[in-house]
Amino acid sequence: KGYERVIVELMSARAIQRFVSPGLFKLSIAPPHDLKGSEALLMAALFRHLEGKQEAARLKLRNAENGGAPKAHALLLRAHIELWDVWPDPQGEAQKQALATLRAELEEADEPFLLPPRAIVARLSGDPATAHEIADRFGKLAPLSAESFMLQAVLLGLDGRLELALEALEDAGEAGGKALDVSVQAAYLRFLRILRDPAVEPLTPALRAEMEEALDERLKRDHYPAALFLRAVLRALEGDWDEAAESLRRLAPRTPLDRIVPDDPLLAPFVWAGESRSRLLAAARDLRHHLGRAGPAMAAAKLITGDDLPEEDRGALLRDNHRWMARALVDDERKALVHVESALKLGAAPGELRDDATLAVLRPRPAFQALLRRYRETHRRMAKTLRGDDPAALAQLEEALKLGVRPDDLREDGELGELRERPEFEELLKRYEN
């Protein structure tokens with residue numbers, strides 16, 4: 001009975017809910033005891049997987065299959081294991097191959113409970129039409145079930161149709177009753193909808209309080225990654241830096257950070273911000289700006305120091321922050337140029353700043369052009385780091401030439417090595433001789 005209970009749980013709406021974003025939506029199952037043979041091996045594979053021990057899970061699963069485990073149960077577990085691995089980059093070559101293999105296995109299976117993973121695999125393989133067709137077939141086999149509605153919610157969320165995903169999620173919650181808590185997923189999807197168009201769907205104080213209440217209620221009962229993550233984002237928006245960092249630190253030990261895939265690029269920086277106030281501030285700065293909170297965004301930018309980062313990361317973060325502040329202050333030439341120069345001192349490429357559309361108002365200003373010329377050697381230094389990649393190195397040298405570096409200076413620069421012997425190198429210099 002314990003074995004059967006776990007397998008049913010693995011087929012449940014809670015298990016399907018996990019595929020909103022596998023690293024953020026936990027699947028917690030109580031392990032049965034006193035199992036033997038292939039049943040024990042299959043359960044061991046599941047719990048190694050839930051611990052994040054993927055290779056150990058695959059080994060146990062293979063042994064379970066060799067020992068006579070039910071083929072459909074083993075395939076259900078294989079789908080969970082493989083989907084967890086491919087989710088961060090389903091279009092990668094290795095991931096596409098894994099999806100193709102899994103898809104072929106699932107297409108040979110007749111069991112209805114394998115239709116949800118089959119639909120999700122089709123969707124991640126870039127075949128949304130087939131995914132929804134499979135979901136419709138499952139809906140006919142399991143009408144008005146929480147599993148059917150949850151599958152719709154997952155697929156619609158992956159399609160970016162968040163309004164419909166929320167409708168399907170609401171239906172799943174009603175069908176699942178007390179056994180299915182969809183409050184955190186609802187808060188997550190609502191937040192993604194706000195990020196898509198903050199002007200149409202603003203994050204009001206009342207809505208934020210409602211979300212936080214749902215997240216806190218879930219966290220009273222268990223360590224739930226999505227609740228911790230989203231609460232950290234909401235606290236950072238309000239400037240509660242210590243509380244935000246604490247939620248992110250609690251997230252890390254039991255959730256491999258490289259497996260977390262937030263469904264909006266503005267959320268991705270928060271994944272790695274738990275140990276660094278500077279990273280947290282930078283993530284909050286960009287999110288506040290996106291939500292139309294210019295003053296709080298600038299306040300976060302002014303707090304960034306990078307002191308808690310290693311030198312190689314600190315320079316990049318400070319450089320990007322000065323560039324961000326220059327954009328934000330672009331209507332005040334004097335202040336904007338202070339930040340442009342700070343970015344240049346930290347290694348920003350003058351050509352990139354010149355071509356930055358958000359700084360276009362500065363482009364015709366003599367002071368801006370003079371500043372770029374003063375740091376033109378940055379491009380020559382960058383070219384030297386790109387030896388072996390001739391097109392990229394030559395592109396950097398052309399930027400240096402545009403800003404006034406003399407062709408003869410480049411001809412005589414021995415540190416450019418074999419690049420000087422390339423015909424393309426001489427052709428480039430001749431174009432800028434005069």
Side-chain angles (χ1 to χ4, degrees), residues 89 91-96 265 268-269 282 286 304 306 309-434:
D89 182 20
Q91 297 308 307
E93 286 306 313
Q95 291 88 337
K96 283 198 288 189
D286 292 342
I304 294 173
L309 291 172
E311 186 63 34
E312 59 272 19
D313 294 337
R314 186 166 72 90
L317 183 136
L318 290 176
R319 181 172 65 243
D320 290 345
N321 190 51
H322 282 296
R323 190 167 173 176
W324 184 93
M325 294 178 82
R327 292 168 178 154
L329 296 165
V330 73
D331 291 331
D332 185 328
E333 181 180 351
R334 184 185 61 80
K335 289 182 179 179
L337 290 180
V338 168
H339 291 290
V340 167
E341 181 159 20
S342 295
L344 289 164
K345 286 178 179 177
L346 289 163
E352 287 184 12
L353 294 176
R354 181 198 62 227
D355 296 335
D356 187 335
T358 61
L359 297 174
V361 71
L362 296 176
R363 203 172 294 156
R365 309 284 174 83
F368 180 65
Q369 292 294 335
L371 195 52
L372 298 185
R373 285 195 295 274
R374 287 217 307 273
Y375 288 87
R376 60 197 177 198
E377 288 297 334
T378 301
H379 286 291
R380 192 193 320 208
R381 288 196 297 272
M382 292 173 75
K384 292 173 183 177
T385 67
L386 292 167
R387 284 188 298 177
D389 184 350
D390 289 357
L394 289 169
Q396 291 298 329
L397 291 181
E398 182 159 16
E399 290 297 338
L401 290 162
K402 286 178 182 178
L403 291 165
V405 170
R406 294 171 61 249
D408 282 345
D409 289 346
L410 297 181
R411 284 192 182 95
E412 296 166 7
D413 190 339
E415 293 182 7
L416 290 171
E418 295 178 358
L419 185 63
R420 295 185 301 165
E421 300 170 12
R422 306 282 189 264
E424 297 86 353
F425 176 79
E426 190 57 36
E427 289 171 11
L428 174 64
L429 299 192
K430 284 179 178 177
R431 291 212 308 274
Y432 287 87
E433 287 286 1
N434 298 317

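One-based numbering along the sequence shown. Source: prediction; values computed, not measured.
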Got a second to check how far L403's CG is from R376's CZ, nearest 0.5 Å? 7.5 Å
For residues R323 and D356, determine if any side-chain heavy atom of one lies less than 4.5 Å from a side-chain heavy atom of the other. yes
How close do A383 and A393 get, heavy atom to heavy atom, and via which atoms? CB-O, 3.6 Å
Pairwise ring-ring contact (aromatic ring centres under 6.0 Å, His included) hits with a residue in residues 361-388, at least two apart: none
Among residues at least two apart in sequence or on other chains, which ones pass ring pair (Phe, Tyr, Trp, His ring centres under 6.0 Å) with H339? H322
What I'd like to find out is whether the side chain of L386 reaches to under 4.5 Å of the side chain of L394, using heavy atoms alone. no
Go through the structure and list residues passing side chain to side chain contact (heavy atoms under 4.5 Å, CB included) with A316, not counting sequence neighbours. R319
For D413, enumerate each residue passing the side chain to side chain donor-acceptor pair (under 3.5 Å) test, keeping only those at least two apart in sequence or located in another chain. R380, K384
When you compare the side chain of L410 with that of V405, does any pair of heavy atoms fall below 4.5 Å? yes
Can you tell me which residue pairs pass the ring-ring contact (aromatic ring centres under 6.0 Å, His included) test with a partner in residues 408-434, sequence neighbours excluded? none
R314: side chain to side chain donor-acceptor pair (under 3.5 Å) partners, not counting sequence neighbours: E311
Would you confirm whether R363, through its side chain, and R354, through its main-chain N or O, come within 3.5 Å as a donor-acceptor pair? yes
Interatomic distance, CD1@I304 vs CG@N321, rounded to 0.5 Å, equals 3.5 Å
Got a second to check how far L371's CG is from E341's CD, nearest 0.5 Å? 5.0 Å
What residues, two or more places apart in sequence or in another chain, satisfy side chain to side chain contact (heavy atoms under 4.5 Å, CB included) together with E333? L337, L362, R365, A367
Within-4.5 Å side-chain heavy-atom neighbours: P407 and E433: yes
State which residues pass side chain to side chain donor-acceptor pair (under 3.5 Å) with T378; sequence neighbours excluded, sorted by chain then number. R381
D409: salt bridge (charged side-chain N to carboxylate O under 4.0 Å, His left out) partners, not counting sequence neighbours: R406
Looking at K402 and E399, is any side-chain nitrogen of the basic one under 4.0 Å from a carboxylate oxygen of the acidic one? yes
Between D408 and R411 (salt bridge meaning N to carboxylate O under 4.0 Å), is one present in this structure? yes
Once side chain to side chain donor-acceptor pair (under 3.5 Å) is applied, do any residues pair with T385, and if so which ones, sequence neighbours excluded? none
So do L416 and L397 actually touch side chain to side chain, heavy atoms under 4.5 Å? yes
Inter- and intrachain pairs under ring-ring contact (aromatic ring centres under 6.0 Å, His included), touching residues 380-421, at least two apart: none
What pairs meet the salt bridge (charged side-chain N to carboxylate O under 4.0 Å, His left out) rule with one or both residues in residues 416-425, with sequence neighbours excluded? D390-R422, E418-R422
